[in-house]
Amino acid sequence: MGSKNNTSSFRTRSPLSIFIVIVLCCFFYILGAWQRSGFGKGDSIASEITKQTDCNIVENLSFETHHNDVEIVAPSEPKAKKIKPCDVKYTDYTPCQEQDRAMTFPRDNMIYRERHCPPEEEKLHCLIPAPKGYMTPFPWPKGRDYVHYANVPHKSLTVEKAVQNWVQFQGNVFKFPGGGTMFPQGADAYIDELASVIPIKDGTVRTALDTGCGVASWGAYLLKRNVLAMSFAPRDNHEAQVQFALERGVPAVIGVLGTIHLPYPSRAFDMAQCSRCLIPWTSNDGKYLMEVDRVLRPGGFWILSGPPINWKTYYQTWKRSKKDLQAEQNNIEELAESLCWEKKYEKGDIAIWRKKVNDKACQRKSAKICKSWDADDVWYKEMDTCVTPFPEVTSTKEVAGGELKRFPARLFAVPPRIAKGYVEGVTAESYQEDNKLWKKHVNAYKRINKLIGTTRYRNVMDMNADLGGFAAALESPKSWVMNVVPTIAKNTLGVIYERGLIGIYHDWCEGFSTYPRTYDLIHANGVFSLYENKCNLEDILVEMDRILRPEGAVIIRDEVDVLNKVRKIAGGMRWETKMMDHEDGPLVPEKILIAVKQYWVGSKGNSTSSDE
């Protein structure tokens with residue numbers, strides 16, 4: 001009987017319960033619609049709480065260097081195959097400038113020192129180890145003058161360049177006194193002499209090019225004068241010169257003037273120099289000087305110190321005849337005139353020319369002008385013996401290509417290439433919006449990683465720089481940014497240089513022209529979406545690992561589906577990773593992947609150690 005009564009009671013109450021549920025659902029639906037309409041306070045309160053809550057602070061990902069006092073714990077349960085360490089013989093591996101491969105190419109015109117990347121079947125699919133005893137570089141500015149021997153264990157330059165004051169070995173560190181072949185008394189004194197002719201102090205000169213840079217002391221000492229120098233030198237018998245430069249915290253790449261164009265846009269540099277760089281400027285009908293002219297901005301300066309300048313004093317030291325050296329200097333003078341360069345100074349070991357601001361004020365003598373060619377389309381393109389034409393002007397005083405403001409005003413002013421409509425799809429308004437966006441992004445990064453903007457991250461790379469917004473928002477004497485414009489992306493590198501920043505063209509399906517462990521922080525915005533169907537994403541990540549210093553950081557911003565693939569690969573790479581929402585909230589499909597490279601070094605027999 002009891003069972004029957006309970007059943008009857010249930011049947012009586014059931015319709016009432018259903019009715020109450022329906023009423024409640026309708027009530028909450030109407031309440032939600034009312035709040036969303038703006039009349040309720042619920043959204044504004046929630047919004048305010050969201051603003052006050054910093055959800056992007058990474059609490060369990062350490063960015064501090066700590067390899068000397070605590071053990072690094074390997075990530076548990078990697079989601080992908082474990083990428084093994086390379087043999088210790090590859091500690092200084094540079095994929096596209098390896099000596100063995102280089103020696104199979106002709107030596108004519110330095111072809112063998114150009115980029116020669118391995119075919120797919122010869123690529124290394126392993127992680128490059130740091131040398132035993134590797135230490136975090138000295139912070140800037142101390143790092144300019146001191147480098148840990150364990151990080152770059154090569155002493156040859158201390159012997160070869162001893163009298164030239166390049167580098168000295170002291171205990172367990174290298175000391176860089178600031179000397180050079182043509183400035184044994186120091187780079188400061190040399191730059192002071194240049195500044196008596198060239199407007200270095202007032203921000204007119206901001207970007208510079210050092211061809212055959214040695215250990216880049218010229219660029220190192222220009223930095224305190226707010227001048228950014230892009231230095232390059234080949235990987236040759238002067239072992240590790242570019243590696244020393246980067247270890248000091250100075251911008252540099254492996255490169256050479258050979259048969260292909262330099263990987264920089266036209267009108268990029270305010271100043272360029274050759275300080276006993278041994279480039280044969282008069283060879284090949286002046287092709288090399290024509291390439292310097294291409295990348296030199298109208299009104300820019302070229303400095304030559306070393307042969308053949310001051311040949312009357314040095315002809316015996318150089319073991320060359322007076323006649324030969326005088327003829328070489330005469331040829332350089334004639335070439336400079338044909339390029340619309342005007343000689344401004346020659347005293348002692350230094351000569352300085354200035355490129356005219358346009359071609360209306362000069363009379364070229366039998367110069368072959370390049371025709372039907374984009375002067376910024378240079379990746380793997382062979383140089384021709386022709387002169388890059390000036391952009392057209394309407395008056396003798398107008399600066400060809402557009403006049404630039406002095407730095408730092410130049411950094412956020414609308415670049416001439418954008419103002420003149422040379423960059424498709426980019427207007428002055430969209431450029432300013434891009435700047436605002438990147439200031440917002442960088443502020444979010446600094447909340448995630450408090451070390452961004454400090455000397456802890458001195459050498460920074462932006463793998464897909466676009467208009468240079470990331471570097472501009474990060475601009476500080478504490479760091480510098482290598483702005484990379486992928487060869488398959490929109491060509492915006494000229495804009496980046498017009499802002500007073502530096503950068504380079506590159507294809508991320510290949511190895512970058514640098515030594516291992518040369519960047520503290522790598523930023524990759526949209527890189528993996530860009531290359532997803534172009535090459536193996538694992539190869540790009542392994543290359544990032546090669547050029548990233550132990551305990552360096554990575555910020556990858558991309559679509560969530562691509563980032564999931566990236567995170568899976570990174571799980572087997574000795575990286576600690578964390579996925580973060582976009583700063584505008586979880587509904588935005590773009591996400592941020594933060595990573596820190598663990599500290600580990602190579603040891604014999606392919607085994608590795610987290611701290612030896």
Side-chain angles (χ1 to χ4, degrees), residues 110 164 179-187 189-200 205 207-214 216-219 221-222 227 229-234 255-258 262 264 268-315 317-318 320 322 324-356 362 367 383 387:
M110 297 294 286
Q164 297 168 8
T181 306
M182 298 310 299
F183 39 95
Q185 303 307 312
Y190 177 80
I191 294 170
D192 284 342
E193 184 173 355
L194 301 182
S196 69
V197 181
I198 302 170
I200 291 174
V205 170
T207 56
L209 179 67
D210 192 0
T211 56
C213 64
S217 286
W218 187 64
Y221 280 79
L222 279 172
V227 175
M230 173 69 80
S231 302
F232 73 81
V256 67
L257 261 175
L262 295 174
Y264 314 116
F269 298 100
D270 301 307
M271 174 172 66
Q273 84 139 1
C274 161
S275 178
R276 195 172 170 79
C277 63
L278 304 181
I279 294 172
W281 297 113
T282 58
S283 297
N284 298 314
D285 298 320
K287 183 187 296 185
Y288 301 136
L289 208 56
M290 292 174 184
E291 178 64 358
V292 171
D293 177 73
R294 181 185 70 82
V295 300
L296 191 63
R297 187 163 290 136
F301 296 85
W302 184 60
I303 305 141
L304 178 60
S305 59
I309 304 303
N310 204 6
W311 58 266
K312 292 178 182 178
T313 301
Y314 294 114
Y315 74 95
T317 303
W318 295 336
R320 294 177 60 184
K322 293 181 180 181
D324 179 39
L325 286 163
Q326 185 172 16
E328 183 180 346
Q329 180 153 353
N330 289 342
N331 286 340
I332 289 175
E333 304 273 8
E334 291 173 6
L335 273 169
E337 187 177 355
S338 72
L339 296 171
C340 285
W341 294 6
E342 182 182 359
K343 194 171 190 179
K344 291 292 186 180
Y345 181 86
E346 182 174 353
K347 183 178 179 181
D349 300 339
I350 299 173
I352 301 174
W353 285 263
R354 189 184 187 199
K355 182 176 179 177
K356 296 193 175 181
C362 69
M383 289 187 287
V387 180

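These numbers were taken from a predicted model, which means no experiment stands behind them. Nothing fancy with the numbering, it's 1 onward along the sequence.
For Glu291, the salt bridge (Lys or Arg N to Asp or Glu O under 4.0 Å) partners are Arg294, not counting sequence neighbours. Residues meeting the side chain to side chain donor-acceptor pair (under 3.5 Å) test with Asn284, sequence neighbours left out: Asn109, Tyr288. Remark: Glu346 engages Gln329, Lys343 in a side chain to side chain donor-acceptor pair (under 3.5 Å) (not counting sequence neighbours). For Tyr264, the ring pair (Phe, Tyr, Trp, His ring centres under 6.0 Å) partners are Phe269, not counting sequence neighbours. In terms of the side chain to side chain donor-acceptor pair (under 3.5 Å) criterion, residue partners of Trp341 (sequence neighbours excluded) are, by chain and number, Asp293. Every residue two or more places apart in sequence or in another chain that forms a side chain to side chain contact (heavy atoms under 4.5 Å, CB included) with Ala208 is listed here: Trp218, Leu222, Val227, Ala229, Met271. With sequence neighbours left out, Asp285 forms a salt bridge (Lys or Arg N to Asp or Glu O under 4.0 Å) with no residue at all. In this structure Pro307 satisfies the side chain to side chain contact (heavy atoms under 4.5 Å, CB included) test together with Arg276, Trp318, Arg320, sequence neighbours excluded. By the side chain to side chain contact (heavy atoms under 4.5 Å, CB included) test, Tyr221 is found to be paired with Arg144, Asp145, Ala187, Asp188, Ile191, Lys224, Arg248, residues two or more places apart in sequence or in another chain being considered. Under the rule for a ring pair (Phe, Tyr, Trp, His ring centres under 6.0 Å), Tyr345 has no partner lying at least two apart in sequence or in another chain. For Ser283, the side chain to side chain donor-acceptor pair (under 3.5 Å) test picks out no residue, with sequence neighbours left out. Scanning for salt bridge (Lys or Arg N to Asp or Glu O under 4.0 Å) contacts around Asp210 gives an empty result, with sequence neighbours left out.
We find the CZ-CD distance between Phe301 and Glu342 to be 10.0 Å, quoted to the nearest 0.5 Å. To the nearest 0.5 Å, atom CD1 of residue Ile309 and atom CG of residue Leu325 are 10.0 Å apart. Rounding to the nearest 0.5 angstrom, the gap separating the CE atom in Met290 from the CG atom in Leu296 is 14.5 Å. Atom CG of Leu289 sits about 9.5 Å away from atom SG of Cys274, to the nearest 0.5 Å.
Looking at heavy atoms from C-beta onward, Leu304 lies in side-chain contact with Trp353 at the 4.5 angstrom threshold. Using a 4.5 Å heavy-atom threshold, the side chains of Ile350 and Val197 count as separate. Using a 4.5 Å cut-off on side-chain heavy atoms (C-beta onward), Trp302 and Leu339 make no contact. Using a 4.5 Å cut-off on side-chain heavy atoms (C-beta onward), Ser305 and Phe183 make no contact. No side-chain heavy atom of Arg297 sits less than 4.5 Å from a side-chain heavy atom of Lys355. Side chains of Asn331 and Glu328 form no contact here, defined as non-hydrogen atoms less than 4.5 Å apart.
Between Leu335 and Ser338, the shortest heavy-atom contact is O-OG, 2.6 Å. Ala233 and Gly214 get closest at one heavy-atom pair: CB-N, 4.4 Å. Scanning both residues, Phe232 and Leu257, for their nearest heavy atoms gives CE1-N, 4.1 Å. Pairing each heavy atom of Gly348 with each of Asn310, the nearest pair is O-CB, 3.2 Å. Closest approach of Val256 and Leu262 over heavy atoms only: O-CD2, 4.0 Å.
Under the 3.5 Å distance criterion, the side-chain polar atoms of Asp349 are left unmatched by any main-chain donor or acceptor of Gly306. Between the Thr207 side chain and the Ala268 main chain, a donor and an acceptor come within less than 3.5 Å of each other.
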Just do the side-chain contact (heavy atoms from CB on, under 4.5 Å) check on Asp324 and Tyr315 with the steps written out, would you? CA-CA 9 Å; Asp324 179 39; Tyr315 74 95; over 6 Å; no

